[in-house]
S.K.: 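Input: one structure, supplied below.
Because the structure is a prediction, the values reported are computed rather than measured.
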Amino acid sequence: MSNGARTYQVKTFGCQMNVHDSERMAGLLEAAGYVRAPKDADAADVVVFNTCAVRENADNRLYGNLGLLAPRKAARPGMQIAVGGCLAQKDRDTIVRRAPWVDVVFGTHNVGKLPVLLERARIREEAQVEIAESLEVFPSTLPTRRESDRLAWVSISVGCNNTCTFCIVPALRGKEKDRRPGEILAEIEALVEDGVCEITLLGQNVNAYGSDFGDRRAFSDLLRACGRIEGLERVRFTSPHPRDFTDDVIEAMAQTPNVMPQLHMPLQSGSDRVLRAMRRSYRQDRYLGIIERVRAAIPDAAITTDIIVGFPGETEEDFEQTLHVVREARFAQAFTFQYSKRPGTPAAEMPDQIPKEIVQRRYERLVELQEEISWAENRGQVGRVVEVLVSEGEGRKDGATRRLSGRAPDNRLVHFNPEPADPAEGPVRPGDLVTVEITYAAPHHLLADKPALSVRRLPPVGARSAAGQGGPAGPGTGVMLGLPGIGAPPVTADPAPGCSAC
């Protein structure tokens with residue numbers, strides 16, 4: 001605790017969209033005067049759960065965590081618990097009924113109300129449940145407390161216009177709403193000014209971007225525009241949809257140097273019959289055709305995917321078609337899921353729900369096949385020279401092995417020897433770009449145990465914006481970001497707490 005300020009923790013379940021929403025929640029709390037609790041703290045004054053509703057175990061995880069906090073809250077006067085995100089949007093009053101010690105429940109559309117709801121719950125001494133049915137403020141206008149100085153999420157859209165029968169997300173996040181390109185690019189330029197070197201464009205269906213304002217080439221044009229931003233080293237995006245993935249996007253990826261050779265392309269199933277039942281508007285041939293064209297244009301691209309096993313009515317022949325696509329596509333990695341029935345989705349009411357034991361056996365076969373392919377694909381990296389963006393604490397064994405970790409351009413995880421070949425370059429630090437030679441491959445990571453071939457230092461965090469202001473960067477610069485602008489904002493005499501960059 002600092003200066004008597006109340007502490008907070010934000011616990012995140014779910015996808016990248018949830019992670020980015022959690023950064024917004026943390027930014028709002030810090031702008032309201034809260035300070036982040038130490039990672040080893042048993043509990044904070046305010047604990048926020050940002051929930052997911054995609055998987056069946058999301059409910060169990062939430063209520064299990066809430067149950068653990070109940071006695072801590074009883075023993076800590078003034079402690080508050082808030083639940084937000086997709087599960088809160090879906091279950092609303094159910095959360096307070098099952099966990100009456102929760103103080104605030106808020107949805108995906110009114111994240112910006114979190115500090116107000118906490119204060120109202122404290123004053124009124126009763127739970128505050130507020131679920132907006134549509135987006136009140138685009139999240140990019142809210143303050144952000146990023147987890148990394150060098151990496152940042154940038155939302156280009158919220159919501160989804162698809163109607164996949166297994167997915168409840170469109171019902172919880174609403175129809176797609178796109179930001180204007182100028183707003184997005186202004187935010188990216190402000191991030192780069194603060195020291196960010198890698199951004200990930202984020203949306204439920206990023207390559208449908210532009211449908212809201214009638215521009216079919218808007219996403220490829222946005223990628224090319226990112227390539228013209230000086231100081232932006234790396235651009236990634238997630239997640240696209242095969243239906244909207246067009247050749248102009250492939251061309252933009254191949255022709256824009258800072259767009260990384262990485263693609264996450266959800267498959268879900270390799271069976272045309274199951275894809276039809278899922279309302280996925282592509283078939284096996286179209287999917288494999290996209291993979292083939294990406295590899296022709298970007299030979300070194302690492303392609304990852306999502307796959308659901310055991311969708312209602314899936315036969316053994318259907319599952320074999322999924323295995324066939326996995327063998328043909330040779331994914332660098334696959335995020336595999338056993339089908340989870342979600343109330344409120346059409347798939348939950350379908351006949352021929354697959355018995356758990358059959359789903360489990362198929363799942364194990366799929367994982368075994370993908371592990372073999374991932375390892376073989378990674379072995380093909382041995383001997384390659386790659387540039388790694390050094391991260392903090394990404395490897396579990398880094399402390400014991402004294403290696404550092406980071407991501408290659410294709411997003412493969414690399415653990416490497418931090419000793420530079422030239423001692424005059426000094427020690428390698430998080431945020432550096434280090435060129436290394438891959439010496440060993442495992443299914444989920446690469447090793448580079450020879451001394452680093454070269455080290456490229458990026459400007460210190462906040463250096464660009466400080467130069468524009470004519471003074472040193474203040475504490476927290478490059479971490480907090482509110483309404484985006486271009487160039488350095490004016491310095492105010494009394495900035496919001498923890499918000500010196502906005």
Side-chain angles (χ1 to χ4, degrees), residues 1-15 17-132 142-145 147 172 496-498:
M1 188 174 294
S2 174
N3 298 325
R6 284 166 61 78
T7 59
Y8 77 89
Q9 291 177 335
V10 179
K11 299 178 181 290
T12 309
F13 307 134
C15 66
M17 194 73 75
N18 282 46
V19 172
H20 190 37
D21 284 347
S22 290
E23 292 183 338
R24 303 291 184 194
M25 295 173 194
L28 284 159
L29 291 171
E30 293 195 9
Y34 295 81
V35 297
R36 179 174 291 190
K39 290 185 178 180
D40 56 354
D42 288 339
D45 296 309
V46 172
V47 179
V48 183
F49 292 97
N50 186 13
T51 62
C52 174
V54 172
R55 308 289 297 161
E56 188 174 10
N57 67 358
D59 307 56
N60 299 331
R61 290 184 69 189
L62 172 63
Y63 292 113
N65 277 277
L66 290 176
L68 289 173
L69 280 185
R72 296 183 189 177
K73 184 180 179 187
R76 184 171 183 155
M79 180 180 174
Q80 291 183 295
I81 300 172
V83 179
C86 291
L87 194 62
Q89 187 81 21
K90 181 174 77 74
D91 285 356
R92 305 174 184 239
D93 298 333
T94 305
I95 294 172
V96 175
R97 188 177 71 248
R98 291 185 59 177
W101 54 93
V102 169
D103 299 276
V104 171
V105 179
F106 62 104
T108 59
H109 299 309
N110 58 335
V111 170
K113 292 288 186 66
L114 175 59
V116 173
L117 293 171
L118 287 167
E119 184 65 9
R120 192 185 300 164
R122 185 186 66 80
I123 293 171
R124 297 183 180 179
E125 297 184 342
E126 63 181 13
Q128 300 297 303
V129 179
E130 188 169 308
I131 306 292
L142 302 175
T144 301
R145 199 324 181 159
E147 293 298 323
L172 302 180

S.K.: What distance do Leu29 atom CG and Asp45 atom CG have between them, rounded to the nearest 0.5 Å?
M.R.: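 Atom-to-atom, Leu29:CG and Asp45:CG are 11.5 Å apart.
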S.K.: What's the spacing between Lys11 NZ and Thr51 OG1 if we round to 0.5 Å?
M.R.: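 So the NZ of Lys11 and the OG1 of Thr51 are separated by 14.5 Å.
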S.K.: As an exercise, state the distance from CG of Leu87 to CZ of Phe13, rounded to the nearest 0.5 Å.
M.R.: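 Going from CG on Leu87 over to CZ on Phe13, the span is 10.0 Å.
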S.K.: Starting at NZ of Lys113, measure out to CD of Glu130 and round the result to the nearest 0.5 Å.
M.R.: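 That separation rounds to 4.0 Å.
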S.K.: Val116: which residues meet the side-chain contact (heavy atoms from CB on, under 4.5 Å) condition with it, sequence neighbours left out?
M.R.: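 Testing Val116 for side-chain contact (heavy atoms from CB on, under 4.5 Å), a comparison that skips the adjacent residues, returns Arg120.
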S.K.: Just how far is it from atom OH of Tyr34 to atom CG of Leu28, taken to the nearest 0.5 Å?
M.R.: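 Spacing of OH (Tyr34) from CG (Leu28) equals 11.0 Å.
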S.K.: Between Tyr63 and Asp91, which heavy-atom pair has the shortest distance, and what is it?
M.R.: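 Scanning both residues completely, I find the closest heavy atoms to be OH-OD2, 4.0 Å.
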S.K.: Identify the two heavy atoms, one from Pro115 and one from Gly112, that lie closest to each other, and give their separation to 0.1 Å.
M.R.: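 Reported closest heavy-atom pair: CD-O, 3.9 Å.
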S.K.: With side chains defined as the heavy atoms from C-beta onward, is the minimum distance between Trp101 and Ile81 less than 4.5 Å?
M.R.: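 Side-chain contact under 4.5 Å: yes.
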S.K.: Among Gln128, Lys73, Glu126, find the one that has a side-chain contact (heavy atoms from CB on, under 4.5 Å) with Asp103.
M.R.: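 Between Asp103 and the candidates, side-chain contact (heavy atoms from CB on, under 4.5 Å) is satisfied uniquely by Lys73.
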S.K.: Let me confirm one number: the CZ-CD distance from Arg122 to Glu119, rounded to the nearest 0.5 Å.
M.R.: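 Result: 4.0 Å between the selected atoms.
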S.K.: Please report the closest heavy-atom contact between Leu114 and Ala82, naming both atoms and the distance.
M.R.: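 Heavy-atom minimum between the residues: CD1-CB, 4.0 Å.
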S.K.: Work out which heavy atom in Val35 is nearest to a heavy atom in Ala5; give both atom names and the distance.
M.R.: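 Reported closest heavy-atom pair: CG1-CB, 4.1 Å.
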S.K.: Can you name the nearest heavy-atom pair linking Asn50 to Asp21, along with the distance?
M.R.: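 Heavy-atom minimum between the residues: ND2-CB, 3.7 Å.
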S.K.: Taking all heavy atoms of Met79 and all of Ala44, pick out the closest pair and write down the distance.
M.R.: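 Nearest heavy atoms, Met79 then Ala44: CG-O, 3.6 Å.
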S.K.: In sequence, state the C-alpha distance, the side-chain angles, and the governing distance for Leu118 and Tyr8, and then conclude on side chain to side chain contact (heavy atoms under 4.5 Å, CB included).
M.R.: CA-CA 12 Å; Leu118 287 167; Tyr8 77 89; over 6 Å; no
S.K.: So, using salt bridge (charged side-chain N to carboxylate O under 4.0 Å, His left out) as the criterion, who are the partners of Lys90 when residues are at least two apart?
M.R.: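 With sequence neighbours excluded, Lys90 shows a salt bridge (charged side-chain N to carboxylate O under 4.0 Å, His left out) to no residue whatsoever.
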